[in-house]
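Encoded as structure tokens, the structure appears first; notes follow it.
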Amino acid sequence: MPSSDPLPPKESALFRKILKCYEMKQYKNGLKLAKQILSNPKFTEHGETLAMKGLTLNCLGRKDEAYEHVRRGLRNDLKSHVCWHVYGLLQRSDKKYDEAIKCYRNALKWEKDNIQILRDLSLLQIQMRDLEGYRETRHQLFKLRPSQHASWIGFAMSYHLLGDYETAMNILETFLSSQTMDTFDYKHSELLLYQNNVIQEAGNYEQALQHLKDCGAQILDKLAVQESMGALCLKLERHEEAVPIYKELIERNPDNTEYYRKLMEARKLSDSNELIEAYRAMQEEYPQSFCARRLPLDIATGDTFKTLVDEHLRRNLRKGVPPLFVNLRSLYRDAEKVKIIGKLVECYYQNLISSGYFSAEDAANADVRKEPASALLWTMYYLAQHYDYLRESEKALDFINAAIEHTPTLIELFVTKGRIYKHAGDVLEAVKWLDEAQSLDTADRYINSKCAKYMLRANQIKEAEEICAKFTREGVSAMENLNEMQCMWFQTECALAYQRLEKWGDALKKCHEIDRHFSEIIEDQFDFHTYCMRKMTLRSYVGLLRLEDVLRRHPFYFKAAKCAIEVYLRLFDKPLAAESAVEELDIENLPAPELKKLRNKQRKAQKKKAEQENAQSKENQKKEQHSKKQLYQDGDPEAPQLDELIPEKLARPEDPLEKAIEFLKPLQQLAKDNIETHLMAFEIYLRRNKLLLMLQSLKRARKIDPNNAILHSCIVRFYRVLEQRLASTDNVVDPSVRIVIDRERENLFRGQPDAIALNDAYLKANRDSSDAVYEVAKIMYTLDEKRRDEAITAMANIVSNQKVPLEKATKLYLLLKSEYFGQCDKELKTFKQMCQKRYPLAVVFADVTATPITTLTTTQSSNADNNQTTVTDSGSSRCVVMTTSEQTFGKQPALADKTSKKQKNGPEIKAN
């Protein structure tokens, strides 16, 4: 359709040049040409020229001017498809996809067959997952350009994504039959594999197998053909056909565990003895295959397992395979197998020390060669990891110390020693050994990252940043560069460290940065919509779309969202006062000399803050100039500027619960199988006093794990809130809401008459669970303060009678120490002494403790200037002040001396 405001030939030629300049990214020339048209008094308000000028200005980063010109042009020519299209492009550059789609639809009203507008619209529709709209647009493009490959592929894919496999298959079949090719290239090969995927998703396995047989010669990815044919044969129960396929695949890759399992399935082997024999045959056929020797260990039991694992352990200890324990760790779920492995390796150790052989039989046999000297090292290394897994930390330390004495340059030994201390409850000592490990090989990125992670666990954020700076870009702060690289493990650990340090604003900043990374990843798929269609990587493209749909199910997002929700709940319960109010309160309570010191300190702080702000503004200007320069070079529309994340502002949100819900919603959609999602939802709705939403969260959580201890606590709290609301005359429960709650009441409260009875019944059923006792004890005291001693006794009994993990014992101890039950010094002392015997290396229970406590192991002094940690001995009036370097690299007082003396004696094992 011609423009409603056409230009004369001369100006029309200039307008076409503007379009060409835009396509060639010659934006300044485009502006000059637009000025020539608009300087003519007759065309000062020409809509399409104004719109194109606005689009060009947008590409130069002048966004406000761009919007002003485009809107002005649109007002002057509402019937122009160019104006609507340009307005849509502007909205798209600002990520306002819904608004852009509306603009494109308006443009199509005036130019319904415009190919470019239809293509742009289809991209936005697939990005927003408007699949019905996408199908209509691709159909329109197909009718306009039936000779183009992309028209056929896009049309078929629109039906595939909607689940209409039959139509998608018909379109692909028609397209392929119309192609005449002498040679088959990669694109044709990928198209055939995509077609086969569609047939399989339709459930036509027989047809899919036949399709692969017919077209296999035309497909270049032979591995994909074989894997698909093998899987289809198994689904169709054609086991005889599947056997040779999987044998060929194993020949190709003898270390793929899935191929072995599928081969055994194809051979219909289910008896354990038959399977072990089959694996033995595979070992002879593929002597270098690790999988053929490892997989039978999952199936074997008793003496057979002992024989197989003995062979496996000897072979790998002799070779010196560092990840041997990691490879066998999955066997540790079986207590009997753990005993067998432990006895075997202990026997190896004793024999290697006495004779240099793995067993006495080998020593007596003259034909058996002596084991290499390194075998003893790897045996001690394995035993250290073995005892660490069983949480026998002192034995583990004995072995790892002996191994380090044997070979003091092996990095894995120092990493393992750090891990043992971490599991034993001494994070600072763990950091020390990881730092030692990374100093042995500063070019090893893995050890560097591991060291940084341990530092973050010990709340040493600055030190962790400095460690990571060895591998980040020069000239940029490590924290900023890690954010640019989307290094989410570091940011997640940072957020949790800030949360433990009660730096709420900094913790939220990290959580929001992670959330932005996920948003960026979702936005980045925009570039692949045309690329994948052009390059014909269709299987990968469909996989990408399906991954993006569930992206926020990823553990990184879950951890960040959980941290953010917990912080926002804390800020709702205890909002931070305004900074000025805190300062005034301090001034009122200070004497004159202290006030003078404070004033001087404030002046210095203000001066420092002004200098920082000045430096920040200069840096921002530099960045802005750099981004504008990049923009001019690349010619991409300017991306919308995100709000700067300022910790002070984030820590004082107007509505913390609303912010928490923003993080919760993706979890409710994508992580609904995780009970923590619904427990966090309950906490939010409890504070909003939404009874039905609280009930909904409890019901969903109960479906996942009806016996969860935290869920029980939530149900009891819901019971109390409900009773209070029903008894209230001010905040009356709506009758319809009450009907719904009464319907669920019997099932939810297990028929108990009140909260106390419900709590007692739960304790009776779960007396052996430390989590249950922890929650029950808190509720018991809250409901009836007279039962305080009973609650504390229940907590003490669970630790004295059972082997409770250190983390859970710490949780119980900190609850007592927090004075939740009031003053209970005698009970606390008894509990602490009990834990000291059970967990001798755990710093949290030691008489030497760091105060004030911010982690289980250490706390840095609030005086950041001298960066000290104050260590006090609770058994006496001594007080020791240690600098950070001393506490990290020096000896630990008292406790460290005792353990080091014991470790010098070397490991001792009694003969079995």
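Hydrogens, waters and symmetry mates are skipped; everything else that's a heavy atom, side chains included, is used.
Contact of the K672 side chain with the R700 side chain is not registered, since no non-hydrogen atoms from C-beta on lie closer than 4.5 Å. Counting only heavy atoms from C-beta outward, the side chains of D113 and L118 never approach each other to under 4.5 Å. Two residues are said to be in side-chain contact when any heavy atoms from C-beta on lie closer than 4.5 Å; L31 and R62 meet this criterion. By the 4.5 Å heavy-atom criterion applied to side chains, T56 and K53 are not counted as neighbours.
With 3.5 Å as the limit, one finds a donor-acceptor pair spanning the side chains of N483 and H517. Between the side chains of D130 and Y97, no donor-acceptor pair of N or O atoms lies under 3.5 Å. Side-chain contact annotation: Q486 with E520, donor-acceptor N/O pair under 3.5 Å present. In the model, D214 has a side-chain atom that pairs as donor or acceptor with a side-chain atom of Q210 under 3.5 Å. With no hydrogens or angles considered, a side-chain donor-acceptor pair links R552 and S519 at under 3.5 Å. Side-chain contact annotation: R534 with T530, donor-acceptor N/O pair under 3.5 Å absent. Counting only N and O atoms by type, the side chains of T167 and D164 include a donor and acceptor under 3.5 Å apart. At a cut-off of 3.5 Å, with distance as the only test, no side-chain donor of E111 or H85 sits close to an acceptor on the other residue. When only modelled atom types and interatomic distance are considered, Q116 and D120 share a side-chain donor-acceptor pair under 3.5 Å.
The environment of CG in D64 is sparse: at most 12 heavy-atom neighbours from other residues, nucleotides or ligands sit within 6.0 Å. A 6.0 Å sphere centred on CE of M24 holds no more than 12 heavy atoms belonging to other residues, nucleotides or ligands. Residue-environment remark: NZ (K112) stays at or below the threshold of 12 foreign heavy atoms within 6.0 Å. Applying the 6.0 Å contact sphere to CZ of F556 captures more than 12 heavy atoms from other residues, nucleotides or ligands.
Taking the six-membered ring where the residue is Trp, F663 and Y568 present tilted rings, their angle falling between 30° and 60°.
When ring centroids are compared, F15 and F43 stay outside the 6.0 Å threshold. Side-chain rings of Y194 and H160 approach one another, their centers coming within less than 6.0 Å. Close placement of the F142 and W152 rings is indicated, their centers lying within 6.0 Å of each other.
Note that the CG atom of L14 and the CG atom of L19 stand 11.5 Å from one another [nearest 0.5 Å]. For the atom pair OG1 of T677 and NZ of K665, the computed distance is 15.0 Å after rounding to the nearest 0.5 Å.
With H554 contributing its side chain and Y557 its backbone, the two residues share no donor-acceptor pair below 3.5 Å. A donor-acceptor contact shorter than 3.5 Å links the side chain of S177 to the backbone of T174.
A salt bridge is absent between K187 and E190; no separation between the charged side-chain nitrogens and carboxylate oxygens falls under 4.0 Å. Between E99 and R92 there is no salt bridge, since no side-chain N of the basic residue sits under 4.0 Å from a carboxylate O of the acidic one. Using a 4.0 Å cut-off between a side-chain N of Lys or Arg and a carboxylate O of Asp or Glu, K510 and D515 do not qualify as a salt bridge. The residues R516 and E484 are annotated as not salt-bridged, no charged nitrogen and carboxylate oxygen being separated by less than 4.0 angstrom.
Counting all heavy atoms, side chain and backbone alike, L108 lies closest to N114 at CD2-O, 4.4 Å. Nearest heavy atom pair, residue P647 against residue D506, reads CG-OD1, 3.4 Å. Taking both residues in full, the closest heavy atoms of C21 and L33 are given as SG-CD1, 3.8 Å, listed atom of the first, atom of the second, then distance.
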